[in-house]
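I have placed the structure first, in the form of C-alpha cells, so that the comments after it can refer back to it.
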Amino acid sequence: GAVVSQHPSWVICKSGTSVKIECRSLDFQATTMFWYRQFPKQSLMLMATSNEGSKATYEQGVEKDKFLINHASLTLSTLTVTSAHPEDSSFYICSARGSTATNEKLFFGSGTQLSVL
Amino acid sequence: ILNVEQSPQSLHVQEGDSTNFTCSFPSSNFYALHWYRWETAKSPEALFVMTLNGDEKKKGRISATLNTKEGYSYLYIKGSQPEDSATYLCAFSDNYGQNFVFGPGTRLSVLP
C-alpha cells in the first residue's frame with residue numbers, strides 16, 4: 001500500500017526555537033495533505049488542509065503564523081512550529097490522499113512527538 | 001462543530017472472543033465514513049471507507065456496517081487475536097468533503 005514517511009518521530013526543543021516536521025508520500029502523488037494534532041487522551045484534531053501549490057486552509061483556532069505549512073510539491077509537505085512554547089508540546093501527524101475526494105482513504109505518517117522545554 | 005463519538009473508550013477481551021464497537025456521527029449531510037486501525041508506534045491504517053446507507057464491508061475477521069439515517073456505524077471483530085490490539089478510529093465527512101472529523105477512538109486490548 002501507499003507509504004507516507006514522517007520525520008522526525010520525536011523532537012525535543014527549547015522554548016522559542018522553531019521546529020520543522022516533514023511528511024513525504026513515497027509512492028504516490030499526494031494531492032491533498034492534512035496536519036493533525038493530538039493531545040493525550042483526545043481525538044485527532046485537524047489543524048490544516050493543504051493542496052499542492054496552494055496556501056493551506058487552517059481550521060478555526062489554529063494560528064497560521066505559528067504553524068507554517070508548505071506543500072510545494074506533490075510528494076512533500078512541511079509543518080513548521082515557529083517560536084515553540086511548552087503548550088505546543090503535542091503529537092503531530094500528517095495524512096495524505098491522492099485526490100480531493102473524501103471518500104478515498106487516507107495514508108498516514110507515523111507521527112511526531114514534540115516536547116518543548 | 002461536528003461531533004463524532006465512539007464507544008466504548010476502551011475494552012479488554014480474551015483471545016478468541018468476538019467484539020464490536022460503535023461510531024456515532026451526525027445523520028444530516030452525510031458523505032463518507034472511514035474506519036482506521038492504529039497500532040502503537042505505527043501509522044494509522046485504513047480499514048474501510050463507506051458511503052452508502054446499509055453498506056457492509058469485510059476484511060478478514062473484521063467487518064463494518066453503516067446506518068446513515070440514524071448516524072452510526074458498527075465495527076465487528078470475530079475471534080479476536082492479540083494482533084488486533086490497537087486503537088480503532090472512525091472519521092466522518094459531510095457536505096461533499098467540507099468537513100472531516102475523527103472520533104476519539106476505541107482502544108482494544110486482546111489478552112492471550
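Values reported hereafter were calculated over all heavy atoms of this structure, with side chains retained and with hydrogens, waters and symmetry mates removed. Throughout, protein chains are lettered first and strands after them, A, B, ... in sequence-line order, and every chain is numbered starting at 1.
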Against chain A, label L89(B) side chain, backbone, both or neither, depending on which of its atoms sit under 4.5 Å from a heavy atom there. side chain

Contacts with chain B made by residues 108-117 of chain A (heavy-atom distance under 4.5 Å), listed by residue number: F108(A), G109(A), S110(A)

Closer than 3.5 angstrom, by distance alone: can the side chain of Q6(B) be matched with the main-chain N or O of G105(B) as a donor-acceptor pair? yes

Nearest-0.5 Å distance that lies between atom CD in E39(B) and atom CG in D84(B): 8.5 Å

Any sub-3.5 Å donor-acceptor pair from R24(A)'s side-chain atoms to L76(A)'s backbone N or O? no

Measure distances from Y36(B) to the heavy atoms of chain A and classify the residue's part below 4.5 Å as side chain, backbone, both or neither. side chain

Q38(A), part contacting chain B, at a heavy-atom distance under 4.5 Å: side chain

N53(B) side chain vs T68(B) backbone, donor-acceptor pair below 3.5 Å: yes

Side chain of N67(B), backbone of E70(B): donor and acceptor closer than 3.5 Å? yes

First locate atom OG of S50(A), then atom CH2 of W35(A), and finally report the distance between them rounded to the nearest 0.5 Å. 8.5 Å

I'd like to know if the side chain of K105(A) reaches the main chain of H34(B), judged simply by a donor and an acceptor atom lying under 3.5 Å from each other, with no hydrogens or angles considered. no

State the CZ-OG distance between R97(A) and S95(A), to the nearest 0.5 angstrom. 8.0 Å

Could you tell me whether a side-chain N or O of S73(A) sits under 3.5 Å from a main-chain N or O of T75(A), the two making a donor and an acceptor? yes

Looking only at P44(B), A46(B), P104(B), most heavy-atom pairs under 4.5 Å shared with chain A are made by P44(B)

Tell me whether the centres of the aromatic rings in F67(A) and Y58(A) are closer together than 6.0 Å. no

Are there residues of residues 16-24 of chain B that reach to under 4.5 Å of chain A by heavy atoms, and which ones? none

Between W38(B) and F91(A), how do the two ring planes meet: parallel, tilted or perpendicular, split at 30° and 60°? tilted

